[in-house]
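Scroll down for the structure; my scribbles are underneath it.
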Amino acid sequence: MDNSATATLKLAAEPGQWQRLSPVAIMYFAVAFIRALVGNFVYLLPALLLSYNKIKQNPQLWLPALGALLLLCATVGWLKFHYYRYRLYQGNLQIKSGVLQKKHLDLPFERIQNIRLEQPLFYRPTDHVCMLLDTAGSAKQEAKIYALPKAFAEQLKSRILNNRAGAEHQQPQTDAVEQQEQLLNARSTKDLIIHGITSNRIWLFLGGLAPFYDNMFDSAAIWLERLGVDLQAMFDPATQAWWQYGIYLVSLVLLLMLGLTLLSIGGSLLTFHGFRLTRIDDRYIRRSGLLTRHEVSMKLSRLQMIVAKQDWLDRVLGRINLKFEQLNASFEHAGAVAVTGKLMVPSVKADECEFLMADALPGNQLADITFTPISRRHILRTMLLPTLVYLPLACIMAYKQLWPELMIASLALFTSAALLTLRWWRWGYASDAEFMYIRKGLLGIDRYCLPIHKIQQTRFSQSLLMKRSGLCSIKLVLACGAQTIPYIPSHIGHALINTALHKVEREKRPWM
Amino acid sequence: MSQILFTNQSLSVHNLADVTALEMQRLSPRYAPLNLLCGTIFLLFLLTILAAIRWQTWLTLPDWYLHLFPLIFGGLVAVGLLWLLYDYLADKRKGYAVREQDLSYQSGLFFQSLVTQPILRVQHVELKRGPIERKAGLATLQVFSAGGSLYTFAIPGLPEADARKLRQFILSHSDVSQDG
């Protein structure tokens with residue numbers, strides 16, 4: 001702490017003085033440079049691997065080359081470190097950086113939405129962190145202070161956050177850090193393993209690999225053959241009984257799924273290891289990460305919506321992924337920032353979920369409110385497209401007497417009808433004086449709770465057919481995106497919109 | 001535990017200001033014809049390109065294009081005319097309403113919608129005037145909220161003076177804060 005205390009003193013004594021980073025930053029820059037190099041030259045790797053033997057035989061060539069490369073990285077790291085300066089000046093964070101291309105960033109405190117601290121593995125021994133400052137605007141406006149002693153970073157953070165609150169909210173700046181953090185939730189390794197199993201990454205991964213299936217199967221077959229397993233014979237219906245064939249197939253699929261599940265568990269542990277959600281005053285802080293420690297903080301007043309997501313496997317295991325949605329996280333901060341910057345509590349149990357929800361939005365009844373179903377016409381409407389595709393196809397198939405194809409097509413139609421009916425069944429809405437609740441999903445269930453006073457815009461829409469049967473859809477736009485409630489009675493739609501507008505315009509409560 | 005802070009005073013829906021009883025203002029009478037004109041010009045442009053490809057002499061065209069040309073051309077004319085008619089009728093139906101606390105914009109012929117933007121949530125306002133709009137003395141009022149660019153509230157086809165008045169009304173509204 002004394003280290004940071006002197007640093008704070010320095011900062012306080014010389015307001016507006018340009019500050020340098022800690023020299024550990026050289027390491028950060030060098031690693032970032034190596035990463036960029038690897039990212040750009042990854043396609044050279046196969047060539048390198050092919051000539052691996054040749055390279056190995058000529059150490060007099062590759063040793064100096066490697067040395068030169070390392071020297072280059074070190075030089076780039078040092079240069080970037082050398083030209084990097086930052087200061088706090090008249091309510092602004094200013095950063096000068098760049099070796100060849102100079103950059104000057106001017107970031108007013110009040111524009112800073114979120115401050116995150118990140119601790120890469122190599123910062124641990126010296127206890128340094130990297131500070132990331134998000135702004136409401138584009139991702140380009142994101143600022144980074146690459147290396148600060150951790151305690152000092154905490155103080156700087158609370159100083160910026162307090163400064164932003166303005167003169168009427170002047171707190172002693174160092175107090176915020178000293179204040180006791182209240183632990184809201186922590187995740188054990190067991191929880192994270194469950195999260196790894198239930199999270200959908202497996203299927204995403206499978207989908208992402210789709211273009212390579214052919215190659216993968218070919219090389220797998222060659223590899224297995226070398227091990228003495230003859231796939232061709234194994235999967236030849238002529239030499240194998242159908243049940244043997246089936247067992248092989250099932251075990252192969254299970255093996256594949258096991259591997260992918262292990263990968264997913266690894267990913268979950270990597271991101272969420274040591275997960276702790278704490279609260280100081282009106283601020284939530286999430287810390288997690290196995291290698292790089294991430295810290296995300298969110299002012300409670302910026303919370304726009306709570307989402308409790310349950311996939312089918314989550315439902316079986318009784319777990320819930322709880323998401324706290326902030327500003328536009330969905331589309332404006334797409335990419336890596338969105339993943340790490342989101343405040344999600346992975347795989348909590350129902351009682352923990354209820355506790356967290358009650359803490360974040362006191363008085364909400366998401367856990368036990370009764371949802372009203374939407375109109376059955378929603379099924380008809382969503383079945384329209386599949387039916388329109390099916391009918392002409394079926395006619396052609398029947399005309400050409402392609403019976404098996406017709407059966408598959410009919411089966412597909414019935415499956416989609418079943419799924420769409422399930423989707424309709426999941427849709428539901430409810431509201432009370434403070435919140436609107438929406439439930440939707442297909443196999444899983446997602447429940448949303450939105451504070452009515454944070455609504456930004458409303459939309460009432462209906463087609464002429466819907467109008468005739470007295471139905472409408474409404475859309476509620478919030479700063480974190482929009483939520484739709486489709487196919488509800490028009491008078492209820494109007495009432496919901498009227499009440500929402502009334503509440504927003506009458507109470508005039510801030511949305512952030 | 002959720003009962004502690006929870007209040008649920010009943011609010012009678014009948015006492016609230018009702019979005020179904022809005023006094024709709026029409027857009028400028030020049031808006032629909034102007035849009036029709038633009039649409040027609042665009043359609044003619046497409047048709048000219050199709051015809052130009054058909055009768056140009058530099059390239060030899062695939063047979064199917066020559067065979068299907070009357071069909072493509074005729075189809076485009078039919079679809080284009082229907083589209084123009086639908087658009088024209090829809091444009092006629094567009095309207096907006098201003099209340100003390102919010103703005104509403106109504107649109108659509110078959111798919112009708114009514115968007116309402118509380119002025120309290122407005123972040124900033126823009127008047128947009130393209131070259132054609134400028135010629136016709138029209139303007140589009142765009143109102144931005146924190147809902148994001150996808151949900152920008154816009155009223156097209158306003159007479160320029162009205163658009164400026166509306167903009168001033170929003171800006172001078174006591175609830176539009178400086179810092180958003």
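Chain identifiers are assigned alphabetically (A, B, ...) following the order of the sequence lines, protein sequences preceding nucleic acid strands; residue numbering begins at 1 within each chain.
- Atom SG of A/Cys472 is separated from atom CG of B/Leu114 by 11.0 Å, given to the nearest 0.5 angstrom.
- For B/Gln56, the CD atom sits in a packed shell: over 12 heavy atoms of surrounding residues, nucleotides or ligands are nearer than 6.0 Å.
- Both the backbone and the side chain of B/Phe153 come within contact range of chain A, each with at least one heavy atom under 4.5 Å from a heavy atom of that chain.
- Atom CZ of B/Arg129 is surrounded by more than 12 heavy atoms from other residues, nucleotides or ligands within 6.0 Å.
- Only the backbone of B/Leu109 comes within contact range of chain A, with heavy atoms under 4.5 Å apart.
- Between atom OG of residue B/Ser104 and atom CZ of residue A/Phe460 there is a gap of 12.0 Å, rounded to the nearest 0.5 Å.
- Atom-to-atom distance recorded for A/Arg459:CZ and B/Thr116:OG1 is 10.0 Å, nearest 0.5 angstrom.
- Distance check, rounded to the nearest 0.5 Å: CD1 of A/Ile474 to OG of B/Ser113 gives 13.5 Å.
- For A/Arg506, the CZ atom is loosely surrounded, since the number of other residues' heavy atoms within 6.0 Å does not exceed 12.
- A 4.5 Å side-chain heavy-atom check between B/Gln112 and A/Leu464 finds at least one atom pair inside the cut-off.
- For A/Lys503, no part lies near chain B; criterion is any non-hydrogen pair under 4.5 Å.
- Within 6.0 Å of the CD1 atom in B/Ile132, the count of heavy atoms belonging to other residues, nucleotides or ligands does not exceed 12.
- One finds the CD1 atom of A/Ile497 at 10.5 Å from the CG atom of B/Asp18 (value rounded to the nearest 0.5 Å).
- Taking the side chain as every heavy atom from C-beta outward, B/Pro118 and A/Leu501 approach each other to under 4.5 Å.
- The two residues B/Thr152 and A/Gln457 make their nearest non-hydrogen contact at C-NE2, 4.5 Å.
- Residue contact with chain B, scored on non-hydrogen atoms closer than 4.5 Å, involves the backbone and the side chain of A/Val504 alike.
- For B/Lys92, the NZ atom sits in a loose shell: 12 or fewer heavy atoms of surrounding residues, nucleotides or ligands are nearer than 6.0 Å.
- Using a 4.5 Å heavy-atom threshold, the side chains of B/Gln123 and A/Gln456 count as separate.
- Around the CZ atom of A/Arg439, the shell of radius 6.0 Å holds more than 12 heavy atoms that belong to other residues, nucleotides or ligands.
- Residues B/Phe111 and A/Gln462 fail the side-chain proximity criterion, which asks for heavy atoms closer than 4.5 Å.
- B/Arg121 contributes a side-chain N or O that, together with a main-chain N or O of A/Ile455, makes up a donor-acceptor pair within less than 3.5 Å.
- Taking 4.5 Å as the limit, every side-chain heavy atom of B/Val115 sits out of range of all side-chain heavy atoms of A/Thr458.
- Remark: B/Phe42 CZ is loosely packed, at most 12 non-hydrogen atoms of other residues, nucleotides or ligands lying under 6.0 Å away.
- Under a cut-off of 6.0 angstrom, the local environment of CH2 in B/Trp55 is crowded, with over 12 non-hydrogen atoms contributed by other residues, nucleotides or ligands.
- In this structure, NE2 on A/His453 lies 10.5 Å from CG on B/Leu120, to the nearest 0.5 angstrom.
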